[in-house]
Each structure stands twice: as structure tokens, then as C-alpha cells.
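Okay, so here's the structure we're looking at.
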Number of protein chains: 2
Amino acid sequence: MYDRILRDKELKVTPQRIFILEEIRKMGHAGIEDLHERVKEVYSSVSLATIYKNIHILVEENILREVPIHGRKPVYEINIGDHVHLCCTKCGEVSDIMDIDTAPMLKEAERQSGHKYERIAVMLQGVCKNCSN
Amino acid sequence: MYDRILRDKELKVTPQRIFILEEIRKMGHAGIEDLHERVKEVYSSVSLATIYKNIHILVEENILREVPIHGRKPVYEINIGDHVHLCCTKCGEVSDIMDIDTAPMLKEAERQSGHKYERIAVMLQGVCKNCSN
DNA sequence: CTGGTTGCAAAATTTTTGCACTGGT
DNA sequence: ACCAGTGCAAAAATTTTGCAACCAG
């Protein structure tokens with residue numbers, strides 16, 4: 001799966017890399033430190049430096065996307081294009097909403113500002129369904 | 001102006017604080033380091049620690065708002081409520097669009113997720129009007 | 001083989017903390 | 001006069017870098 005994506009970007013397919021990507025996919029959204037913990041469970045020798053280096057490269061190549069969050073360190077996700085993010089102010093869980101159309105807002109913003117859009121990030125913060133019970 | 005806001009939050013009105021707020025208002029959006037440079041020009045003894053401490057308190061009290069940005073450190077602005085942000089991928093300039101209504105998207109997101117909204121952050125990245133010339 | 005990748009340690013950067021002192025109320 | 005706020009220095013936390021060894025292509 002990810003070996004193909006890596007090869008297409010002319011990145012070497014190392015077990016660490018594959019595992020990092022697999023783990024982020026499983027987690028949905030991962031912070032650097034969490035990710036390191038998870039990867040270490042299997043590749044116990046993996047260094048934080050390797051995590052950082054890979055995150056940078058993978059974000060650079062648009063395989064991952066950085067999701068900045070108000071008041072915390074960013075998390076990373078597999079890049080599946082623009083979509084709306086939710087972040088629970090209680091449990092901290094980050095999740096996605098895939099089927100909201102941001103295009104109308106985008107068009108309007110472009111019209112008003114003359115800014116040429118490349119990417120949009122929408123982050124909704126509040127208490128998630130689980131935590132409000 | 002800001003002395004009133006500070007007093008209302010039971011924060012002491014120090015010249016450093018007033019100046020920090022004035023400066024952020026003037027700049028529109030300011031990073032920690034930039035802000036420190038600016039403040040130092042007038043209060044040359046002001047320490048970075050003081051900037052950090054104040055930014056934290058002022059964000060906590062909702063006088064300032066942190067604006068997280070993909071791939072960089074956050075900037076801070078006077079909190080004027082939710083609005084759309086633009087960030088130029090060329091010059092880095094951050095600016096506001098005040099009159100885009102995010103409510104429809106918000107409603108839809110709440111409906112889909114059951115998430116109870118508290119705040120929304122919309123960040124549009126791309127080349128700004130100036131830089132595209 | 002060869003160059004990209006890894007792991008380790010060290011360095012650099014960024015942020016926080018402790019404490020004496022100052023200044024706002 | 002009291003205690004929040006400041007400034008400085010030191011500590012802690014985070015991220016980057018250099019380099020030898022390693023391994024995917």
C-alpha cells in the first residue's frame with residue numbers, strides 16, 4: 001500500500017517508514033511523541049530523530065498533512081485532501097468530517113480577498129458527542 | 001482602551017501589558033519573537049519570559065487568540081471572535097476576512113457529528129493579492 | 001556499489017520555571 | 001502593605017544537526 005506511494009515519490013521504502021504511515025493511518029491523527037511511542041513498541045530502536053525526519057519529508061511530499069491545533073502541538077494525518085476537523089476540548093480527540101462542502105466559502109473568500117487558494121483548513125473546537133454525555 | 005479590558009478580567013494594568021496589546025493590535029497578527037523585538041524597542045528590558053507569561057494569561061482570558069498555522073509557529077491576535085484567516089504561502093502575511101458567514105457550515109458540522117461547537121477556525125492558505133503580481 | 005536512511009549523541013532552539021525585586025491597587 | 005507581575009538566569013522541553021553505520025535499490 002504505502003510502499004507504492006513512497007516509490008512514486010522516489011523515497012526509499014524502509015520498514016520504519018511503512019510502519020510510521022501504517023500507524024498514523026490506524027490512529028487517524030498522531031502527535032510526534034505518541035507516534036514515537038507506538039513505533040517503538042515494534043521497532044524499539046527507532047529514534048525520535050527518525051520520526052522527525054520522516055514526518056518532515058512525508059509532509060513535504062504531501063503524503064502526510066500537518067494539522068495545527070489551538071493551544072497544542074500539531075498532529076499529523078494521512079493526506080486525503082481538504083476536510084473539516086473536529087477537536088474535542090474535553091478529551092482532545094481529533095476527528096474528521098468528510099462531507100462538508102467548503103467550496104462556497106472558499107469562492108467567497110477568494111472573491112473578497114483576491115487571495116489565490118491552495119488549501120483550506122477548518123477546525124471546529126468544542127465538546128464531542130462522547131464527552132457531552 | 002486596554003486598561004479597561006484588563007481591569008475587567010482582574011489583571012493588573014502594567015505598561016508592558018498595555019504595550020503588548022497595543023502592539024499586537026497594530027501588527028494585526030504577531031509571533032512571540034516578533035512581538036518581543038517590537039516591545040523591546042520601547043521597553044528595552046522586557047524579557048521573553050514576560051512575553052510568554054502575558055501571552056498565556058491573555059489567551060487564557062480570551063483577550064488574545066492564538067492562530068495556529070500549518071508549518072510555522074502560531075501568531076496571536078486581539079480576540080474579536082471567529083473569522084476567516086488568510087495566510088500567504090509566499091510572503092507569510094496573515095490577514096483577516098471579517099464578513100464570511102461560517103454559520104451554515106457550522107450547523108451542518110454539528111448536525112453530522114453531534115459535536116457541540118465552541119469555536120471555529122478557518123485558515124485559507126495560498127498566494128495573496130500582492131504576491132501574485 | 002551508492003546514496004538515502006537510520007540511530008545516537010550533541011547542539012540549537014523554544015518554552016517554562018524559580019526566585020528576588022518591583023510596582024499596581 | 002499585599003501580592004500579581006517583572007526580569008534574570010537556569011532548567012526543561014522540543015526540534016535539529018552531524019556523522020558513522022546500515023540497507024534499499
Side-chain angles (χ1 to χ4, degrees), chain A residues 1-24 30-61 63-64 66-76 92, chain B residues 1-24 30-61 63-64 66-76 92:
Chain A
M1 174 64 185
Y2 290 119
D3 54 344
R4 179 56 184 279
I5 295 174
L6 291 171
R7 254 186 276 273
D8 285 352
K9 301 279 188 175
E10 310 198 300
L11 295 173
K12 288 203 172 167
V13 181
T14 66
Q16 291 95 327
R17 238 166 223 176
I18 294 288
F19 194 79
I20 286 172
L21 287 170
E22 285 291 358
E23 211 50 32
I24 294 180
I32 296 280
E33 201 56 52
D34 280 356
L35 184 58
H36 185 214
E37 289 310 317
R38 297 283 207 115
V39 178
K40 267 201 306 192
E41 283 172 19
V42 173
Y43 295 91
S44 58
S45 71
V46 84
S47 63
L48 241 190
T50 296
I51 304 287
Y52 275 111
K53 286 170 188 168
N54 275 308
I55 292 289
H56 283 156
I57 291 175
L58 296 170
V59 167
E60 196 74 28
E61 296 294 342
I63 297 172
L64 293 181
E66 180 179 308
V67 182
I69 305 176
H70 174 104
R72 329 195 205 155
K73 297 205 236 160
V75 295
Y76 299 87
Chain B
M1 175 65 187
Y2 290 119
D3 53 345
R4 179 57 184 278
I5 295 173
L6 290 171
R7 255 185 274 275
D8 287 351
K9 302 279 187 175
E10 311 197 300
L11 296 174
K12 292 207 169 160
V13 181
T14 66
Q16 292 93 329
R17 240 168 220 177
I18 295 287
F19 194 80
I20 285 171
L21 288 169
E22 285 292 356
E23 211 50 33
I24 293 180
I32 296 280
E33 200 56 51
D34 279 355
L35 183 57
H36 185 216
E37 290 309 317
R38 296 281 208 119
V39 179
K40 267 200 306 191
E41 284 172 20
V42 174
Y43 296 91
S44 58
S45 70
V46 83
S47 63
L48 240 190
T50 295
I51 304 287
Y52 275 111
K53 285 169 187 169
N54 276 307
I55 291 290
H56 284 156
I57 291 174
L58 297 170
V59 167
E60 197 74 26
E61 297 294 342
I63 297 172
L64 292 181
E66 178 179 310
V67 182
I69 306 177
H70 174 104
R72 328 194 202 157
K73 296 205 237 160
V75 295
Y76 299 86

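So you know, we letter chains A, B, ... as the sequences are listed, proteins then strands, and number each from 1. Every value quoted in this text rests on a predicted model; they were computed, and no experiment measured them.
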* Any A:H56 side-chain nitrogen or oxygen under 4.0 Å from OP1 or OP2 of D:dT15 -> no
* Verify the contact: side-chain N or O of B:Q16 to OP1 or OP2 of D:dG7, cut-off strictly under 4.0 Å; return yes or no. => yes
* Should we count CD of A:E37 as having more than 12 external heavy atoms under 6.0 Å? -> yes
* To do: Would you kindly compare B:S44 and B:R17 by the position of their nearest DNA chain D nucleotide and give the one closer to the 5′ end?
  => B:R17
* 5′-ward residue of the pair B:R7/A:A49 relative to DNA chain C -> A:A49
* Would you mind reading off the distance between B:F19 atom CZ and C:dG23 atom C1', rounded to a whole angstrom? => 19 Å
* Find which nucleotide of DNA chain D each of A:L48 and A:K53 is nearest to by heavy atoms, and output the residue with the more 5' nucleotide. => A:L48
* Asked: To the side chain of A:S45, which of C:dG7, D:dT6, D:dA4 is closest?
  -> C:dG7
* To do: Find the distance B:H36:NE2 to D:dG7:P and express it as a whole number of Å.
  => 9 Å
* Asked: Out of curiosity, B:L58 CG to B:Y76 OH, how far, rounded to the nearest 0.5 Å?
  -> 11.0 Å
* Asked: Is A:T50 near enough to C:dG7 that one of its side-chain N or O atoms lies under 4.0 angstrom from OP1 or OP2?
  -> yes
* To do: Can you tell me the distance, in whole Å, between the CD1 atom of B:I32 and the C1' atom of D:dT14?
  => 15 Å
* Structure fact -> Between B:E66 and B:V59 the two heavy atoms that sit nearest each other are N-CG2, 4.4 Å
* How far does CD1 of B:I24 sit from CZ of B:R38, to the nearest 0.5 angstrom? -> 11.0 Å
* Asked: Any side-chain N or O of B:K12 under 4.0 Å from OP1/OP2 of D:dC3?
  -> no
* **B:N54 CG to C:dT15 C1', straight-line distance once rounded to whole Å** => 15 Å
* To do: Would you mind reading off the distance between B:I55 atom CD1 and C:dT15 atom C1', rounded to a whole angstrom?
  => 13 Å
* Asked: Among the nucleotides D:dT14, C:dG7, C:dT15, which one has an atom lying closest to any side-chain atom of A:K73?
  -> D:dT14
* Sub-3.5 Å donor-acceptor pair from the side chain of A:H36 to the main-chain atoms of A:Y52, do we have one? -> no
* Structure fact -> DNA chain C nearest-nucleotide lookup for B:P15 and B:Y52: closer to the 5′ end is B:Y52
* Asked: What is the distance from CZ of A:R4 to P of D:dG25, rounded to the nearest Å?
  -> 14 Å
* Using a cut-off of strictly less than 4.0 Å, decide whether A:T14 has a side-chain nitrogen or oxygen near OP1 or OP2 of D:dA24. => no
* Atom OH of B:Y2 and atom C1' of C:dG24: how far apart are they, to the nearest Å? -> 21 Å
* **For atom CZ of B:R72 and atom C1' of C:dT13, their distance in whole Å** => 18 Å
